[in-house]
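One structure below.
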Amino acid sequence: MRIATWNVNSVRTRIDRVTAFLQRHDVDVLALQETKCRDDQFPALPLHELGYETAHVGLDQWNGVALISRVGLDDVRTQFAPEQPLFGADAPVLEARSIGAVCGGVEVWSLYVPNGRELDHPHYHYKLAWLEQLRATAAQWLADDPGKQVALTGDWNIAPQDEDVWDMAAFEGSTHVSEPERAAFRSVLDAGFTDVVRPYTEGAYTYWDYQRLAFPKRMGMRIDFILASQALAARVNGAMIDREERKGKGASDHAPVIVDLD
DNA sequence: ATGCCTATCCTCGATAGA
């Protein structure tokens, strides 16, 4: 079975790239982030025509996450826990940042971790609270069922190690590399999850800014991850980052991340 | 060195992205 995750940065703009990607890599389950549309705007038809089921949650033009599967799509949930933090000063809202379902016996989550914006911004505290609740929830899943096969996939908006950005000096005082964010990411690993892609893609990035020729200059970041529970990690036999997908006109600023299971 | 930012909408400027 092959599972992929991709911050597509608008699914409507890039639906042709999505269908081409699914076919090019023979993908069974694809988790999308930043679909940037409402449920009624999600382009499900071309995916159904290829034999995939779809589940999507999107409230407006911001955020939005989806699961696309041809190996089953059961028990769909549009928040990882009832306690998933809300955002907004006046009227806090549950943003469309997580969707999970059981696909071919694996519980797959498409996660879009809040960006954080600035270190002193309310969004940064929201990001840390969101990650802490995800950790607590995922730890409880494994406490209830140590053999559970779970994939926490998506755009984590954290570069966990210095090698995950092209130049640490360029990120002085920025989000994505701060110690609290890195500690939050490590705490998810400590809860019983493993980055199953890194061993196969040493030194690779998953994101390159649209500006300043970042992609050809190799000024990238590794911020998209597939974390697997122990039972799932034991099935992994390969992984890759589809850097080709970042090339050309109309590319997302993120590349898809793929993992292969026995 | 696959290109000098891109997507959205209550759209021509503001907001968000990382």
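Letters A, B, ... mirror the listed sequences (proteins, then strands); counts begin at 1.
- With respect to L32(A), the side-chain contact (heavy atoms from CB on, under 4.5 Å) criterion is satisfied by exactly one of L67(A), T54(A), V65(A), I68(A): I68(A).
- Distances were taken from every side-chain heavy atom of R218(A) (C-beta onward) to each of dA7(B), dA18(B), dA1(B); the shortest belongs to dA1(B).
- Along DNA chain B, the nucleotide nearest to W62(A) and the one nearest to Y112(A) differ in position, and the one closer to the 5' end is contacted by W62(A).
- In this structure, H254(A) atom NE2 and dC5(B) atom C1' are separated by 13 Å, rounded to whole Å.
- If you find the closest nucleotide of DNA chain B to H123(A) and to Y210(A), the one lying nearer the 5' end belongs to Y210(A).
- Taking the six-membered ring where the residue is Trp, the centroids of H176(A) and F171(A) are separated by 6.0 Å or more.
- dC5(B) atom P lies 16 Å from atom CZ of F215(A), rounded to whole Å.
- Between F80(A) and the choices Y112(A), W141(A), W130(A), the ring-ring contact (aromatic ring centres under 6.0 Å, His included) rule is met once, by W130(A).
- Atom CZ in R17(A) sits about 13 Å away from atom C1' in dT6(B), given to the nearest Å.
- Rounded to an integer number of Å, the gap from H121(A) NE2 to dA18(B) P is 14 Å.
- Across the protein-nucleic acid pair, L119(A) atom CG and dA18(B) atom P stand 16 Å apart, rounded to whole Å.
- Between F215(A) and W208(A), the angle of the ring planes goes over 60°, which puts this pair in the perpendicular group of the 30/60° scheme.
- To the nearest angstrom, P of dT2(B) lies 11 Å from CH2 of W208(A).
- When the C1' atom of dT6(B) is taken as reference, atom NZ of K36(A) falls 7 Å away, rounded to whole Å.
- Spacing between atom NE2 of H176(A) and atom C1' of dA16(B) amounts to 12 Å, rounded to whole angstrom units.
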